[in-house]
Each structure stands twice: as C-alpha cells, then as structure tokens.
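Residue numbers start from 1 in every chain, and the chains themselves are labelled A, B, ... in the order their sequence lines are given, proteins ahead of strands. Not measured: the values here are computed from a predicted model.
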Protein chains: 2
Amino acid sequence: MPTPERTTLAEIVRAGRDLLESGGPEGLTMQAVALRVGVRAPSLYKRVRNREALVALVAEATLSELSARIDAAAGGDDDEPRAALRRMARAARDFARARPAGFRLLFAPGADLPFDTASLQAASAPIVRVAVRLAGEEYALHAARTFTAWLNGFVSMELAGAFRLGGDVEAAFEFGLDRLASALGEPSA
Amino acid sequence: MPTPERTTLAEIVRAGRDLLESGGPEGLTMQAVALRVGVRAPSLYKRVRNREALVALVAEATLSELSARIDAAAGGDDDEPRAALRRMARAARDFARARPAGFRLLFAPGADLPFDTASLQAASAPIVRVAVRLAGEEYALHAARTFTAWLNGFVSMELAGAFRLGGDVEAAFEFGLDRLASALGEPSA
DNA sequence: ACCTGAACACCGTTCAAGT
DNA sequence: ACCTGAACACCGTTCAAGT
C-alpha cells in the first residue's frame, strides 16, 4: 500500500541550508531537518544517504547560488574588465555576509567535501572570462586563481574576525582590489 | 587524600592536535583524547572547560607554531623584502601541508573560534614588518592584509582541492607571489 | 512505497563516590 | 585533589512493523 510522499529532497536541502545559517554546522542535525519538513528523522534516509551527503548537497546548492550571483555581476564582454572584477568581488563578499555559514562550508570543509567538478567550473567561468580580457589567454588561469584566492581569503578572514589590528578593513578591500586588478593586467616580470 | 596528577594540560592539547591530524575534527573526541593521555574522559574536565575550549587551545597552539615558522622565514631587516615575502609564503604553505587539519581550523572555525588577539598579532607581525619595507608605512597594513588574504586563500583552496581546472598549480602560486610582490610595492594608482 | 517507533552505538557532560 | 563508573541527554543510523 503506497504512502504519499510527505516531503521532497529539495525541501530537505532548503531546511538544511536554513538550519546551517541559523544554528551553525552543529545546528544542522537530522532531527532538526526532519522536524522542519514535517517528518521523522529515519524518513530522511529515503532521500539522502546520510548526514554527510546532506551537507554536501547543502554545499552544492550554496556554491550554485554564489555562482549565479557572480555571473550576474560579471556583466557583458564589452565591459571594462576592472569594473567587472570589482562587481564580482563585491557580489561574493555580499553573499558571504548574507550566508556566512554556507560560505564557510564551501572552502572550509570539515574533511574534504567533494563538490561536483562541473559546479566548480561553472562558478569559475565568469572569473576566468574576465581574467582572459585582463591578463590574456596565456596567464588567464593563473590570474583567475590569484584573484579568487585573494577574494576567498579576504572574505574568510573577515568572517573569522581575523582582521583585528585596527585600520580600515573596507579600505583594505578596495586597496587589494585595485592593486590586484593592476597587477594581473601587467605583463609578467 | 590527594591523588597524583596523571596527565597535564599540555599533554591533552598535544593529544588533541595529533587526533585532529589523524582523524579530522570528528576524530577529536574527549574519549579519544582521554584514552591517549591515559585517563577517563570525565577527568579531562579538571583541566579544560569543555570540548570547545579544548579545540580553541588546539587552534591557538597551531597558530603559534605557524607564527614561529613564518617568523623564522622572515629573515633580517636588511634582506630583500620580496625574497622575504617568498620565504614566508613558502613556510606557510609547507606548514599547511604538514598539518592540514590544524591549518583549516585556524581560519575556518565551525562557529567563530576567538583566538587570542595577542597570538594573532604575533603571527601578523613579521608580515607587517616586510610590508612596511615594501609598501611604506602608510600602506603597510593594507598590503599585509592583501598578501595574507591571498596566501590564506590560495592554501585553503589548494587543501580543499578547489583547483581542478587543470593548469600548473605550482606555477599559479609563483605567479601570484610575483604579481603581488610587484603590486604591493607600487605607488597607489 | 513511504513512514514510524524502537533500538543501538556513540558522544559530551555531570556528579556522587572513591582514594 | 584528582580520578572514576554510572547516568543523562542527544545524535546518527538501522530495521522490523505498520499503512
């Protein structure tokens, strides 16, 4: 005798994301997720292999949202590359502030969350595209990695509260953005 | 009737660091730590408030070791600043590879591990010192933050396995190092 | 075919009782 | 003064039994 489905995978992932933001990683329990979607914990295992797999799905959903925001900020290909870089950096930083726990999950996995290579590629694509225009084909990947590393590092440290020596953090962000944009565009020394 | 101490805080923290590296964050359990130092789990609470406090101590010990390595790599004040920057970056990257789980703990805390501001200051000091020589007093802090953000971001992404678009990751590291050193030394645009 | 209560292993933490 | 077993609350996960 079939029983009607009382929830969906999408609903479960959404509940996971909400719980992650409101209660951190340790707030993301199977019981809390189950409660939110109106089911008992054992039922979750019909849709998801285990908690780790659910966390991976949450990470992937977060990455794809970040990816979409960066993409939207990238602008057209006729745009000034430095302006595009600035918009993408702001978009990523704003996203990290809106979803700090989700952002942390992305590049700071407990063990190593293997997100899909395709998702990672989609997220990098707009950055690589701007890097091509800025640094040229040959150095585009290096330039994109340098920019992404700086951006991810800056935002992570900001979220972790690691900037505590005084000074204007906002100005430091602008400084880094300016200098990187210049540096990436120059011919190699 | 006093009982002789069967372990010490230092021993407990060491056990915590070892377990973190061998089994990740979830391998760092109170029971495993207790077993290693030859005591039962409840006894740990004589030296440590709870697991979270122990993790904070592990993070702080890791930060201070990283700090020492960067300091050792900084070299004398008569040295070429770009060479010093390169040595410090290598030292940090080597450290992250030797203690990946510990490194992850530093800037990717579950909630927000509040490490001691003094430790943070000690860790930044050699970088700020080189930044002064490279960028001048006025922009030293901005420059140090830009460099640290890039370094931390690059190493974190490397550890997380986020560089998967092909290309030479080693060369990307050198590229970033070169371009940053140049960019930070230039007068502001 | 999905859902559930019951059960199990495991973990963090407290506490009264030992020495 | 430190250490311990026992106990409690909580979590992830499995599974037989319900519909």
Exercise. Whenever both distances are under 3.5 Å in a Watson-Crick or G-U wobble pair, mark it; put DNA chain D into dot-bracket that way, with [ ] for crossing pairs and | when the partner is on another strand.
Key: ||.|||||...|||||.||
Practice problem: Verify the contact: side-chain N or O of B:Ser43 to OP1 or OP2 of D:dT4, cut-off strictly under 4.0 Å; return yes or no. | Solution: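 The answer is yes; a side-chain N or O of B:Ser43 sits under 4.0 Å from OP1 or OP2.
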Whole angstroms only, please: what is the [atom1]-[atom2] distance between [X] and [N]?
| X | N | atom1 | atom2 | value |
| --- | --- | --- | --- | --- |
| B:Arg6 | C:dG18 | CZ | P | 16 Å |
| B:Leu35 | D:dC3 | CG | P | 15 Å |
| B:Arg40 | C:dA16 | CZ | P | 21 Å |
| B:Leu44 | D:dG5 | CG | P | 13 Å |

Self-check item: A:Phe95/A:Phe103 under ring pair (Phe, Tyr, Trp, His ring centres under 6.0 Å): CA gap, chis, key distance, verdict
Solution: CA-CA 8 Å; A:Phe95 178 76; A:Phe103 185 86; 7.0 Å; no
Just to verify, what does [X] make a side-chain contact (heavy atoms from CB on, under 4.5 Å) with, not counting sequence neighbours?
| X | answer |
| --- | --- |
| B:Ala72 | none |
| B:Ala74 | B:Met88, B:Pro126 |
| A:Glu21 | A:Arg99, A:Pro100, A:Ala101 |
| B:Leu9 | B:Val13, B:Arg47, B:Val48, B:Leu57 |

Quiz prompt | Donor-acceptor pair (no angle test) under 3.5 Å: A:Thr3 side chain, C:dC3 base | solution =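 Result: no qualifying N/O pair found.
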Exercise. Assign the ring pair B:Phe175 / A:His142 to parallel, tilted or perpendicular, where the plane angle (0 to 90°) is split at 30° and 60°.
Key: tilted
Quiz item: So which pairs with a foot in residues 7-18 of chain B pass salt bridge (charged side-chain N to carboxylate O under 4.0 Å, His left out), sequence neighbours left out?
Solution: B:Arg14-B:Asp18, B:Arg17-B:Glu65, B:Asp18-B:Arg36
Quiz item: What salt bridge (charged side-chain N to carboxylate O under 4.0 Å, His left out) pairs are there with at least one residue in residues 124-139 of chain A, not counting sequence neighbours?
Solution: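 For residues 124-139 of chain A: A:Asp71-A:Arg129.
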Quiz item: Considering residues at least two apart in sequence or located in another chain, which fulfil the side-chain hydrogen bond (donor to acceptor under 3.5 Å, both in side chains) criterion with B:Thr8?
Solution: none
Quiz prompt | A:Ser64: partners by side-chain hydrogen bond (donor to acceptor under 3.5 Å, both in side chains), with sequence neighbours left out | solution =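 Partners of A:Ser64 by the side-chain hydrogen bond (donor to acceptor under 3.5 Å, both in side chains) criterion come out as none, since no residue qualifies.
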Table of protein N/O atoms under 3.5 Å from nucleotides 11-14 of chain C N/O atoms:
| unit_1 | atom_1 | unit_2 | atom_2 | d |
| --- | --- | --- | --- | --- |
| C:dG12 | OP1 | B:Met30 | N | 3.3 |
| C:dG12 | OP1 | B:Arg51 | NE | 3.3 |
| C:dG12 | OP2 | B:Met30 | N | 2.9 |
| C:dT13 | OP2 | B:Tyr45 | OH | 2.8 |
| C:dT13 | OP2 | B:Arg51 | N | 2.8 |
| C:dT13 | O5' | B:Tyr45 | OH | 3.3 |

Show the atom names and distances, to 0.1 Å, of all donor-acceptor pairs under 3.5 Å that link a side chain in residues 149-159 of chain A to residues at least two apart or in another chain.
| unit_1 | atom_1 | unit_2 | atom_2 | d |
| --- | --- | --- | --- | --- |
| A:Asn152 | OD1 | A:Ser156 | OG | 3.3 |
| A:Ser156 | OG | A:Asn152 | O | 2.8 |
| A:Glu158 | OE1 | A:Arg93 | NE | 2.9 |
| A:Glu158 | OE2 | A:Arg93 | NH2 | 2.8 |
| A:Glu158 | OE2 | A:Arg97 | NH2 | 2.8 |

Quiz item: Going by number, which of residues 8-16 of chain B have a non-hydrogen atom under 4.0 Å from DNA chain C?
Solution: none
